[in-house]
Amino acid sequence: MVNIKDSNFLVPDDPYNFAVNVVDKHAEVAGKSRAMLWSDVTDTEVRDLSYEYFSQKSHQSAILLRELGIRKGDKLMLLLSRVSSWWEIATGALRAGVIVSPCSSLATSKDIEFRARVSEASIFVGDAMTVAAFLKISKGSHNVRRVIQADGDPIPGVQQYQDLMAQIPGHRKFHGPITKSSDPAFVFFTSGTTGPPKMVVHNHAYSISHVTTGKDWLLLEPGKLYWNLAEQGVFSSPSTLTTGLMGQRLGWAKATWAWFAAWNTGAALYVRKLQGGFSAQDLARTLHRYPITTLCAGPTIYRQLVSPRLLEKIAAEPFSRLHHCVAAGEALERAVIDSWKAATGIEIKDGYGQTETPVLCGNFVGNAVKPGSMGLPASGIPLSIVNDVGEECPINEEGNIAVALYSSNGDRLIGITDGYLQPDGSKKLNLLTCKTNPDEPAHGGKWYLTGDRGYRDEDGYFWFIGRADDVINSSGYRIGPSEVEAVLQEHPAVQDVAVVGSPSAERGEVVKAFVVLTPEGLRESPGALIKKLQDYCKKEAAPYKYPRKIQFVGHDFFPRTSSGKIQRAALRKLEKNPATLSPRL
Ligand code: ATP
Ligand code: MG
């Protein structure tokens, strides 16, 4: 395995570059080993791509960027579906010090215009669909100087990536300015669960923070094949067996978690080019067809995989190579972990992190899983629960999930964002300075607040309560929506559920559950079922947490982010203003 810097703290002036320090090193040491197994959705075209391939292609693409007049510090918008050129170009851009801004390939012209303008991108690389969307936006609204198409039927007049690359001899090497670990490398967009997506800046050292993601959480090493579905969204349909999983996004930071986790550890990525819908059955077939050892998916996807019919099939014909499954992005309930384990023998390991951070805590190798808990802090991550003045909370007390940003000698932790890019060009990070305990400069006294609430138990395990804005305050009781959701999700009548606070004159707020029913639930009388669900919650959770209001809704009701997360803020808005017909942020 390539030896990567393993310090958790940043030495700002140290040179560091993922293309040079990781990809080229693998190419030197084990060049022919697999970096990616790629297939189209019909499995007619399958490509096995080595580290040597990506090293060479990224030298060429870095040279190409220079020849196109793109310089270190310029920004590149990357809106490609799941094709290998995404990784060729992204690695080449890092090599050249060009800041990569990946966006969902399903972005509309309006989304693209906003992102191009705010990120101040100089070059746009897309496919037939995204380039066409880009060409519709008005010229004066952005500074993009170059538009390149890297996939799909060529659009007349648009420069084609493959043609441009063909002019650069394969043996040429890029020799350019060396990047420092503190130089900006990425601009990511958050999922947009609580409002418009925020633009998160990460530096070159960010990729190092995913050594832990790969080693400790995903158990990756040479020979492993990792399929990351976590950046993909989901849309609901009446039958869980035909539920479509929308692919082709690659805009979420989770795409880079996977990339860095796999390549930092010498493992390989499995990449499947999806077109439009993708069903849970396709997913199961793919796991049978390819030697995929490791799977990451959002809880929404696992929820759909654990339909009784599909599980029966999986149990009858087990996956021969798959042996490790993880989930991230939302709270993962015990019912799903149990069903998946019963069918596959594999325990899903939850992990917690944000676009702004690497994996912060999780169920890592060697730790016993406490179902429903997010696990223990990742190696080297000073994760804690702090109150609103920055003091660490006692065991089992709710507080802000926070990360200490500095070591006691003032070194900055790697992997946590440098800040958000604002439309006015400024950067802001949600920092809390600990003023109350000057004698113990706990990690320099500065916490990065995740915006999430949780608590830590007596064994040091972290439990997620909810996003600070989602926590319900009912008659002085604070209730995290995910716990109530997890209980309801276990009931056989419930297929999907979202819990929010609903205004109440008497209690301030009451717990309200929006519930999508299973076919079994649909057969029951609604009035009786509401009572049953409430009683079930009173029994399984603390009685004050039961939903006083329950509304049955259809499969398409929930407003979701492109990565499949339910936007509870939109549901809250609907509760405040019931005249609004459909929930939207
Ligand atoms: P936005 O910041 O735009 O509102 P977002 O917070 O959903 O969107 P991401 O950075 O993709 O954008 O998601 C990180 C958030 O997802 C975390 O802050 C947390 O709320 C939630 N999350 C991630 N992993 C888990 C997990 N394992 N359990 C519970 N919640 C999780
Ligand atoms: Mg967020």
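Just so you know, ligand 1 is whichever comes first in the structure, and atom 1 is the first atom listed for that ligand.
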Scan residues 356-385 for pairs that pass salt bridge (charged side-chain N to carboxylate O under 4.0 Å, His left out), counting only residues two or more places apart or in two chains.
->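 Non-adjacent pairs meeting salt bridge (charged side-chain N to carboxylate O under 4.0 Å, His left out): K370-D457, K370-D459.
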Quick check: does G192 get an N/O under 3.5 Å from an N/O on ligand 1?
->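 Yes.
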Are any of the N/O atoms in G329 less than 3.5 Å from those in ligand 1?
->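 Yes, since at least one N or O of G329 sits under 3.5 Å from an N or O of ligand 1.
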Check if G353 has a non-hydrogen atom at a distance under 4.0 Å from any atom of ligand 1.
->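 Contact check G353 vs ligand 1: positive.
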Does some non-hydrogen atom of G351 fall short of 4.0 Å from ligand 1?
->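 Checking ligand 1 against G351, which is what was asked, there is a heavy-atom contact under 4.0 Å.
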Check the side chains of S384 and R456 for a donor-acceptor pair under 3.5 angstrom, ignoring hydrogens and angles.
->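 The answer is yes; a qualifying pair exists.
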Does the distance from a Lys or Arg side-chain N to an Asp or Glu carboxylate O, for E398 and R453, drop under 4.0 Å?
->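 Result for this pair is yes, salt bridge flagged.
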Charged N to carboxylate O below 4.0 Å: is that the case for K349 and D216?
->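 No.
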When rounded to the nearest 0.5 angstrom, what distance separates CG in D111 from CZ in F114?
->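 Reported value, rounded in 0.5 Å steps: 9.5 Å.
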Judged on heavy-atom distance to [atom], which of [options] sits nearest?
| atom | options | answer |
| --- | --- | --- |
| atom 16 (O) of ligand 1 | Q354, K565, E330 | K565 |
| atom 10 (O) of ligand 1 | N363, D470, T355 | T355 |
| atom 19 (C) of ligand 1 | I401, L360, D452, T357 | D452 |

Backbone, side chain, both or neither: what part of F464 comes under 4.0 angstrom of ligand 1, heavy atoms only?
->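 Side chain only; the backbone of F464 stays clear of ligand 1.
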Sub-3.5 Å donor-acceptor pair from the side chain of S109 to the main-chain atoms of I137, do we have one?
->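 Not at all, since once roles are kept as given, no pair shorter than 3.5 Å links the two residues.
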Quick one: sort the F186 and Y206 rings into parallel, tilted or perpendicular, breaks at 30° and 60°.
->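 If you compare the ring of F186 with that of Y206, the planes turn out perpendicular.
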Sequence neighbours left out, cut at 3.5 Å: what donor-acceptor pairs do the side chains of residues 337-344 make with other protein atoms?
| unit_1 | atom_1 | unit_2 | atom_2 | d |
| --- | --- | --- | --- | --- |
| S339 | OG | A335 | O | 2.8 |
| T344 | OG1 | W340 | O | 2.6 |
| T344 | OG1 | I346 | N | 3.0 |

Within ligand 1, which atoms have a heavy atom of [X] less than 4.0 Å away?
| X | result |
| --- | --- |
| R467 | 4 (O), 5 (P), 6 (O), 7 (O), 15 (C), 16 (O), 20 (O), 21 (C) |
| K198 | 1 (P), 2 (O), 3 (O), 4 (O) |
| T194 | 1 (P), 4 (O) |

